[in-house]
Amino acid sequence: MKREGFSHLSATKFATKLAVMAGRTKHLFERNGRFIARLVVPKHLREIIGKREFQAALGGDRRSAERRSYAVIAGFQDAIARAQRQSEISGRFAPARAPRRFSDTELAQSHYHEELAIDDGIRNIEGLHVDMSWSRPGHRAALRRVASG
């Protein structure tokens, strides 16, 4: 295995780094004990977006950072998709390769994590008790329709 970019590490530390990297969430990085979501903007869209990369602080707890990272990254990808459409309409930039198609599982996971982020935001409003029972019958009906085919 190539140690490109990790030549400063001993063999043991390199193996440990590989083990940690194998289980990590894409676009989630730890810096000084804090987690950030980071997504690089494609070169041909940097002029439109005005940034080289998107970054968002996600706090110091790994689990909550992973949970929130899905919605944050989805927002970053949405901004990139809007910039891509803008560049194609204006004709100033060459269109990028076709976007990767997501599997049903990936779409479901993304939607689930976005819903969790919304729910987490609502539940953590200081001094506010929100009764979400109104949404349960609608969700039940939708799930029954999906399950029945």
Side-chain angles (χ1 to χ4, degrees), residues 1-9 13-132 134-136 138-140 142-143 145-147:
M1 167 141 314
K2 289 186 178 182
R3 292 181 56 175
E4 194 173 302
F6 298 101
S7 59
H8 63 285
L9 298 176
K13 287 185 178 180
F14 177 67
T16 304
K17 183 81 169 169
L18 284 179
V20 170
M21 289 174 66
R24 76 177 205 198
T25 303
K26 193 174 182 180
H27 307 298
L28 181 67
F29 300 93
E30 182 179 5
R31 287 193 186 148
N32 301 324
R34 310 287 295 164
F35 290 91
I36 62 162
R38 179 178 172 264
L39 183 65
V40 176
V41 175
K43 287 182 182 180
H44 69 282
L45 298 176
R46 291 177 183 172
E47 185 178 326
I48 293 172
I49 293 176
K51 297 180 180 185
R52 291 178 50 87
E53 66 185 23
F54 288 108
Q55 282 191 7
L58 300 173
D61 180 47
R62 182 173 199 69
R63 278 192 177 163
S64 63
E66 284 179 354
R67 192 174 62 239
R68 289 193 310 254
S69 70
Y70 294 101
V72 170
I73 295 298
F76 293 166
Q77 290 172 336
D78 182 55
I80 289 173
R82 282 183 283 147
Q84 180 66 39
R85 283 192 299 274
Q86 182 181 345
S87 74
E88 289 170 359
I89 290 169
S90 69
R92 294 186 307 161
F93 300 96
R97 60 187 162 99
R100 181 176 74 86
R101 293 190 49 92
F102 293 100
S103 70
D104 292 340
T105 303
E106 290 172 317
L107 289 172
Q109 285 176 337
S110 176
H111 175 72
Y112 176 71
H113 287 291
E114 287 175 13
E115 291 293 318
L116 283 178
I118 291 168
D119 184 63
D120 192 42
I122 290 172
R123 290 174 188 261
N124 292 321
I125 296 174
E126 194 75 27
L128 179 66
H129 174 73
V130 179
D131 179 18
M132 296 295 288
W134 60 268
S135 69
R136 291 186 187 124
H139 280 294
R140 276 192 218 118
L143 288 172
R145 282 193 305 273
V146 169

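Applying the side-chain contact (heavy atoms from CB on, under 4.5 Å) rule to Phe76 yields the partners Ala37, Leu39, Phe54, Ala56, Val72, Ile73; only residues at least two apart in sequence or on another chain are considered. Arg31 pairs by the side-chain contact (heavy atoms from CB on, under 4.5 Å) definition with Ile36, Arg38, Gln55, not counting sequence neighbours.
Summarising the geometry, atom OG belonging to Ser87 is positioned 10.5 Å from atom CD belonging to Glu47; distances are rounded to the nearest 0.5 Å. Between atom OG1 of residue Thr105 and atom OH of residue Tyr112 there is a gap of 14.5 Å, rounded to the nearest 0.5 Å. We find the CD1-CZ distance between Ile49 and Arg82 to be 8.5 Å, quoted to the nearest 0.5 Å.
Side chains of His44 and Gln84 form a contact here, defined as non-hydrogen atoms less than 4.5 Å apart. Side-chain contact between Leu116 and His113: present, with at least one pair of heavy atoms (C-beta onward) separated by less than 4.5 Å.
Around atom CG of Asp104, no more than 12 heavy atoms belonging to other residues, nucleotides or ligands sit under 6.0 Å away.
Residues Ile48 and Ala83 share a closest heavy-atom pair of CD1-O, 3.7 Å. Nearest heavy-atom pair across Gly60 and Arg34 is N-NH1, 3.3 Å.
Checking side-chain atoms of Arg52 against main-chain N and O of Val40 turns up no donor-acceptor pair under 3.5 Å. At distances below 3.5 Å, at least one donor-acceptor pair connects side-chain atoms of Glu106 with backbone N or O atoms of Ser103.
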Next on the checklist: Set out, in order, the CA-CA distance, both residues' side-chain angles and the distance that settles salt bridge (Lys or Arg N to Asp or Glu O under 4.0 Å) for Glu66 and Arg62, then state yes or no.
Outcome noted: CA-CA 6 Å; Glu66 284 179 354; Arg62 182 173 199 69; 3.4 Å; yes
